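Down below is the structure, laid out as structure tokens.
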Amino acid sequence: MNQPDILVVGAGITGASAALELARSGQTVEVIERYGPAAMASGWTLAGVRQSGRDPAELAMAKMAVDLWCNLDRKLEAETGYHQHGNLRLARTAQEFETIRDLVAEQSAAGLTMQFLSNLAEVRDVVPALSENVVAASWCASDGSADPIATVSAYLNMAQKLGATLSMGEEVQELIVTEGRITQVVTNLRTLSPGKVILASGVLINRLLDPLGLALPLRRPVVTVLRTRPAPKILGPVLGVANANMAARQESSGRFRVTSGAEDNGTLTEQDGKPLVRSTARAVMGTIRRVANVLPEFADAEVEGIWGGMLDVTPDALPVIDKVPGVQNLVIAAGFSGHGFGIGPVTGPVVADLVLDRPLRIDLQAFRFDRFAGRAQADAPLTLHG
Ligand SMILES: Cc1cc2nc3c(=O)[nH]c(=O)nc-3n(C[C@H](O)[C@H](O)[C@H](O)COP(=O)(O)OP(=O)(O)OC[C@H]3O[C@@H](n4cnc5c(N)ncnc54)[C@H](O)[C@@H]3O)c2cc1C
């Protein structure tokens, strides 16, 4: 296919979800991906599907996403590993107690059904294996998690079934803009002339925006991830903590998948043809210590894998989902700041609304491209992945 109606750059959850929605809407769609499905953030992720702890601007989207997740296996005719087993955000100190209590009050007022579990006994009713270092928690029963690689693959497979072309192992290297439109897209293999372009290229987005003078002010901190071999099942919900310096869940296989908080900006390299972000021994030690501090049995699990993940953090930790001013046929969906997986089922349809000039199903004011005008550096606040 040489002239797709719409070219999607990136096969993470964002690009995959957009591709399916567009194929369903009868568009000819091509997805170009430098590595493979879920090769970057959408594979590195903890894959929590969370409404709790969201910025108010993202809450409507997160709630809509949960409705979609509940029927996603049926829609995609595949197993995404989605389970609605809840999210506990833990307090470990008196100060965190107040943070969590206030969070529950604010989010309940915003319409999310949540509870404040004000002592260890109440928290242990949900997860008996938690340690005495936990003093309270928020509980959102409608949160959950999914298998990220299965999910992205399921989206792409269904998009392909509906006619989308998937071009894996190909890199988009340049967008050529003539008179305010992208007229050509240059890859390492060929030149295309799509009608419209969606950039869903995660932490690499600025490589294509920089030459157009349109770069987003992103920080790219590293998050350390550890995955263990299957262990006895002790953890149902996803665990977070008040200051976001760890998160944890136990997959249905019994494997723990745990993460650090956002650490310093990292370096993205390649190994064996795959993207690679290295973590430090200090970060690995800190992650193990913090997880075992609240879930002691984690320390006995056998480690199967350790990797670094990189976040695309904007100054307000909210994504950019918008048409690009000055380039008529370009839409951007990036800067998800550590929480773009859970909302993926909505991001794709919203991006499709934008690109097809349909009425928007979600108010996108908070996600405008031009809100950072004149800002060179990101001074991002706390980001709550997990
Ligand atoms: C460790 C970690 C934990 C996280 N935990 C959670 C969580 O619990 N819940 C949650 O909701 N979110 C979480 N997130 C965030 C979430 O994973 C991301 O926001 C989401 O996966 C972003 O998806 P994406 O499709 O926008 O980007 P990506 O998945 O990064 O996809 C972008 C793709 O574009 C490709 N690409 C880039 N440039 C080009 C190019 N020029 N040509 C071709 N292809 C290109 C890349 O190879 C990549 O595959 C976490 C992230 C990390 C790293």
Side-chain angles (χ1 to χ4, degrees), residues 7-19 31-51 53-54 58 61-62 65 69 87 143-146 148-149 151-152 155-156 167-175 185-189 198-209 220-227 238-240 244 247-249 257-263 266 268 270 274-275 277 279 287 307-313 317 319-321 332-345 347-348 351 383-386:
L7 175 67
V8 180
V9 184
I13 184 96
T14 306
S17 171
V31 181
I32 297 191
E33 163 58 50
R34 178 174 171 176
Y35 299 105
M40 296 185 69
S42 301
W44 296 326
T45 184
L46 184 75
V49 175
R50 172 174 63 77
Q51 307 146 100
R54 292 257 172 198
E58 263 185 4
M61 209 167 163
W69 276 105
N87 182 297
D143 283 348
S145 65
I149 295 180
T151 302
V152 174
Y155 266 111
L156 291 173
S167 301
M168 300 290 124
E170 182 171 356
E171 182 185 9
V172 173
Q173 295 182 326
E174 193 181 358
L175 306 176
V185 174
V186 182
T187 80
N188 56 327
L189 303 176
I198 295 168
L199 285 189
S201 45
V203 297
L204 293 179
I205 190 123
N206 282 338
R207 289 201 187 162
L208 293 170
L209 292 181
R220 304 198 309 172
V222 173
V223 173
T224 298
V225 189
L226 276 94
R227 193 167 186 237
V238 177
L239 293 184
R249 70 180 177 94
R257 191 175 179 112
V258 308
T259 59
S260 68
E263 296 150 3
L268 180 63
E270 276 186 14
K274 292 184 182 157
V277 179
S279 191
T287 309
W307 62 89
M310 189 175 262
L311 309 181
D312 48 353
V313 182
V320 173
I321 307 174
I332 286 185
F336 288 95
S337 305
H339 33 83
F341 179 76
I343 54 176
T347 310
V351 166
T383 172
L384 299 174
H385 62 277

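Please read all numbers here as calculations on a predicted model, not as lab measurements. Atoms within a ligand are numbered from 1 in the order they appear, just like the ligands themselves.
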Closer than 4.0 angstrom: is that true for some heavy atom of Arg207 and an atom of ligand 1?
no
Any heavy-atom pair between the side chains of Val222 and Trp44 that's under 4.5 Å?
no
Tell me the nearest of Ser42, Gly48, Gly12 to atom 22 (C) of ligand 1, using heavy-atom distances.
Ser42
Closer than 3.5 angstrom, by distance alone: can the side chain of Asp143 be matched with the main-chain N or O of Gln51 as a donor-acceptor pair?
yes
Check whether any N or O atom of Val9, backbone or side chain, sits under 3.5 Å from an N or O atom of ligand 1, and answer yes or no.
no
With the side chain counted from C-beta on, respond yes when Leu268 and Val203 share a heavy-atom pair under 4.5 Å apart, and no when they do not.
yes
Just wondering, do Met40 and Val277 contact through their side chains at under 4.5 Å, heavy atoms?
no
Nearest 0.5 angstrom please: Arg257 CZ to Thr45 OG1, how far?
7.0 Å
Arg249 (side chain) donor-acceptor with Ala146 (main chain) under 3.5 angstrom:
yes
What part of Ala47, side chain from CB on, backbone N/CA/C/O, both or neither, has a heavy atom under 4.0 Å from ligand 1?
backbone
Just go through His339, Glu33, Arg249, Arg257 and tell me whose heavy atom is the nearest to atom 33 (C) of ligand 1.
Glu33
For ligand 1, find out whether one of its N or O atoms is nearer than 3.5 Å to an N or O atom of Ala41.
yes
If we only count N/O pairs under 3.5 Å, is Arg34 in contact with ligand 1?
yes
Would one find an N or O of Gly36, backbone or side chain, under 3.5 Å from an N or O of ligand 1?
no
In ligand 1, which numbered atoms sit nearer than 4.0 Å to a non-hydrogen atom of Leu204?
37 (C), 38 (N)
Test applied, side chain to side chain donor-acceptor pair (under 3.5 Å); reference residue, Tyr35; option that passes from Glu170, Glu270, Lys274, Glu171
Glu270
Thr14 and Tyr155: side-chain contact (heavy atoms from CB on, under 4.5 Å), yes or no, with the steps?
CA-CA 10 Å; Thr14 306; Tyr155 266 111; over 6 Å; no
Considering non-hydrogen atoms only, spot the tightest contact between Ala11 and Val31 and give its length.
CB-CG1, 3.9 Å
Would Ala334 count as a contact residue for ligand 1, given that I'm defining contact as a non-hydrogen atom of the residue lying under 4.0 Å from a ligand atom?
no
Report the part of Gln173 (side chain from C-beta onward, or backbone N, CA, C, O) that has a heavy atom under 4.0 Å from ligand 1; answer both or neither where that applies.
neither
Which of the ligand 1 atoms, numbered from 1, are nearer than 4.0 Å to a heavy atom of Gly10:
33 (C), 34 (O), 35 (C)
Is there at least one pair of N or O atoms, one from Glu171 and one from ligand 1, spaced under 3.5 Å apart?
no
With heavy-atom distances below 4.0 Å as the criterion, list the atoms of ligand 1 near Tyr35.
47 (O)
Under 4.0 Å from one or more heavy atoms of Glu170, ligand 1 contributes atoms 43 (C)
Output the list of atoms in ligand 1 that are nearer than 4.0 Å to some heavy atom of Gly342, sorted by atom number.
10 (C), 11 (O)
Checking the N or O distance criterion of under 3.5 Å, is ligand 1 in contact with Phe341?
yes
Mind checking whether Val8 and Val351 have side chains closer than 4.5 Å, heavy atoms only?
no
Atom 42 (N) of ligand 1: of Asp143, Val8, Val172, the nearest heavy atom sits on Val172
Considering only heavy atoms, which of Ser201, Gly348, Gly15, Ala247 lies nearest to atom 36 (N) of ligand 1?
Ser201
Close side-chain approach of Asn206 and Arg220, heavy atoms under 4.5 Å
no
Ignoring hydrogens, what is the shortest heavy-atom contact between Ile13 and Gly340? Give both atom names and the distance.
CG2-O, 3.9 Å
Does an N or O from Phe336, backbone or side chain, lie closer than 3.5 Å to an N or O of ligand 1?
no
Proximal atoms of ligand 1 relative to Thr14 (non-hydrogen, under 4.0 Å)
23 (O), 24 (P), 25 (O), 26 (O)
Which atoms of ligand 1 are found less than 4.0 Å from any heavy atom of Leu208?
41 (N)
Ile13, any N or O under 3.5 Å of ligand 1 N or O:
yes
Hey, does the side chain of Ser201 reach the backbone of Val9 with a donor-acceptor pair shorter than 3.5 angstrom?
no
Ile32 neighbourhood, listing ligand 1 atoms whose heavy-atom distance to it stays under 4.0 Å
43 (C), 44 (N)
Where's the contact between Leu311 and ligand 1, heavy-atom distance under 4.0 Å: side chain, backbone, both or neither?
side chain
Flag the pair Ile32 / Val185 as yes when at least one side-chain heavy-atom distance between them is below 4.5 Å, and no otherwise.
no
